[in-house]
**Q** 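Got a structure for you, written out below as structure tokens; questions coming shortly.
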There are 2 protein chains.
Amino acid sequence: MAAALDFQQMLRGAGLRVTRPRMAVLGAVFAHAHADTDSIIGVVRRELPEVSHQAVYDSLHALTAARLVRRIQPAGSVARYESRVGDNHHHVVCRSCGDIADVDCAVGEAPCLTASDDRGYSIDEAEVNYWGLCPACSAGPVPDRA
Amino acid sequence: MAAALDFQQMLRGAGLRVTRPRMAVLGAVFAHAHADTDSIIGVVRRELPEVSHQAVYDSLHALTAARLVRRIQPAGSVARYESRVGDNHHHVVCRSCGDIADVDCAVGEAPCLTASDDRGYSIDEAEVNYWGLCPACSAGPVPDRA
DNA sequence: CCGTTTTCTTGAACCTGTCAAGAAAACACT
DNA sequence: AGTGTTTTCTTGACAGGTTCAAGAAAACGG
């Protein structure tokens, strides 16, 4: 768990100005993994009630560009953010409730980064998403989505 | 390349009614891999100028549910559709222009379907996306996205 | 402390995709 | 073919998440 001073150093280390919205956004992403933008706005406003949603969007973009947080967006879902960066883990997404959990990479370092044929692309990242049902949804499946 | 009669049989085989919008949508997806909805609407309207966008959306949903086409949606992109289904291939996405190319699965059947720890989820599909720059963009990178 | 640069606020707009009601078309059966 | 039922298409409005734009405010370097 990182403290305010850590966040401040992270921002400065990334060449970003230290502002209260950014501090709060960074804290919110660290405290709530896989939160969507709306949830982050809610969390941030508990600390800074007057922040605009635009400030949160800008902060998230800046933090993402600085690689302090990672943006994930499974198909059919809104953007979500997480603080685990650089450890090459993957995600498992619930088809029913949209919940996301982390899955550590089975193979080791950069497992699937080697495409069989890169089609001439210069690949810098491999993303793996598992799709299924979370424990809660597979236990008592909701009747919709027939 | 499939012909009109093939499309008709595909629809009937999937238990779907054969309508002109669906035939045209199916043809458009087969002819234009990885096209987004807007492009598909444009292609379909070259053949049927009066189709509503809603009909295209409905057709795409019906075809997707029937597994005749596959919907793909990399993060930050709109929905795209492709006709290769059931052969477990992956995609490489250009960070700059958003272009998508197919990549055959290196490992074989269902390669990464085995998560190291499934977190209690019942996983039914593994999705792999490679991110990088396409040949055109890595050759002459556009100046934006600084 | 001051000036410059970046960031935040405010407010509106955009775009993909969805919802709803009625008209039209496709299929099954005779 | 003709008819009736069911599904699908048209039309039009709407929704949510995200972005754009202009000016005010805050952060940083000297």
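Just so you know, these numbers use all the heavy atoms, side chains as well, and skip hydrogens, waters and symmetry mates. Residue numbers start from 1 in every chain, and the chains themselves are labelled A, B, ... in the order their sequence lines are given, proteins ahead of strands.
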**Q** Check the distance between C:dG17's C1' and B:Arg80's CZ and give it to me in whole angstrom.
**A** 16 Å
**Q** Using the closest heavy atom to pick a nucleotide of DNA chain C for each, name whichever of A:Leu16 or B:Arg71 lands nearer the 5' end.
**A**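 With A:Leu16 and B:Arg71 compared, the 5'-side residue is A:Leu16.
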**Q** At 4.0 Å (heavy atoms only), tell me whether A:Ala62 reaches a base, stays on the sugar-phosphate, or touches nothing.
**A** nothing
**Q** At less than 3.5 Å, do the side-chain atoms of B:Arg17 and the base atoms of D:dT6 form a donor-acceptor pair?
**A** yes
**Q** Among the candidates C:dT10, D:dC9, D:dG12, find the nucleotide nearest to the side-chain atoms of B:Gln54.
**A** D:dG12
**Q** Using a cut-off of strictly less than 4.0 Å, decide whether B:Thr19 has a side-chain nitrogen or oxygen near OP1 or OP2 of D:dC9.
**A**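 Yes, B:Thr19 has a side-chain N/O under 4.0 Å of OP1/OP2 on D:dC9.
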**Q** Please state how far atom CD in B:Gln73 lies from atom C1' in C:dC15, giving the value in whole angstrom units.
**A** 13 Å
**Q** Could you tell me the separation between the CE atom of A:Met23 and the P atom of D:dA27, rounded to a whole number of Å?
**A**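 Those two atoms, CE and P, are 11 Å apart.
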**Q** Could you state the CG-C1' distance from B:Leu11 to C:dA26, rounded to the nearest angstrom?
**A** 12 Å
**Q** Select one nucleotide: of C:dC27, C:dC8, D:dC20, the one nearest the side-chain heavy atoms of A:Asp58.
**A** C:dC8
**Q** Verify side chain to side chain contact (heavy atoms under 4.5 Å, CB included) between A:Ile41 and A:Val51, making sure each step is shown before the conclusion.
**A** CA-CA 8 Å; A:Ile41 292 177; A:Val51 273; 5.9 Å; no
**Q** Under 4.0 Å between a side-chain N/O of A:Thr37 and OP1 or OP2 of D:dT18, yes or no?
**A** yes
**Q** Is the shortest side-chain N to carboxylate O distance from B:Glu47 to B:Arg20 below 4.0 Å?
**A** no
**Q** Looking only at side-chain atoms of A:Val18, point me to the closest of D:dT8, C:dA20, D:dC28.
**A**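 The listed nucleotide nearest to A:Val18's side chain is D:dC28.
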**Q** For B:His91 and A:Glu127: C-alpha separation, side-chain torsions, deciding distance, then whether side-chain hydrogen bond (donor to acceptor under 3.5 Å, both in side chains) applies.
**A** CA-CA 10 Å; B:His91 295 109; A:Glu127 173 193 16; over 6 Å; no
**Q** Find the distance A:Tyr57:OH to D:dA21:P and express it as a whole number of Å.
**A**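 It works out to 17 Å between those atoms.
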**Q** Examine C:dA25: is either OP1 or OP2 under 4.0 Å from a nitrogen or oxygen in the side chain of B:Arg20? Give yes or no.
**A** no
**Q** Please give, in whole Å, the distance from C:dA23 C1' to B:Glu50 CD?
**A**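 Nearest whole value for this atom pair: 15 Å.
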**Q** Closer than 4.0 Å, any side-chain N/O of A:His53 to the OP1 or OP2 of C:dG11?
**A**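 Looking at the OP1 and OP2 atoms of C:dG11, neither is under 4.0 Å from any side-chain N or O of A:His53.
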**Q** Show your working on side-chain hydrogen bond (donor to acceptor under 3.5 Å, both in side chains) between B:Asn129 and B:His90 and close with a plain yes or no.
**A** CA-CA 6 Å; B:Asn129 292 314; B:His90 307 312; over 6 Å; no
**Q** Does C:dC27 have OP1 or OP2 under 4.0 Å away from a side-chain N or O of B:Arg12?
**A**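 Indeed, a polar side-chain atom of B:Arg12 lies that close.
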**Q** Check whether any side-chain nitrogen or oxygen of B:His61 sits under 4.0 Å from OP1 or OP2 of C:dT18, and answer yes or no.
**A**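 For B:His61, the contact criterion (side-chain N or O under 4.0 Å from OP1 or OP2 of C:dT18) is met.
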**Q** Roughly, in whole Å, what's the span from CG in B:Leu48 to P in C:dA24?
**A**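 Those two atoms, CG and P, are 17 Å apart.
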**Q** With a 4.0 Å cut-off on heavy atoms, is A:Ser52 in touch with a base, just the backbone sugar-phosphate, or nothing at all?
**A** base
**Q** Could you state the CG-P distance from A:Leu63 to C:dT6, rounded to the nearest angstrom?
**A**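 Answer to the nearest Å: 17 Å.
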**Q** Is the closest basic N to carboxylate O distance between A:Asp124 and B:Arg95 below 4.0 Å?
**A**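 Answer for the salt bridge query: yes.
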**Q** If you measure only the distance, is there a donor-acceptor pair under 3.5 Å linking the side chains of B:His34 and B:Asp99?
**A** no
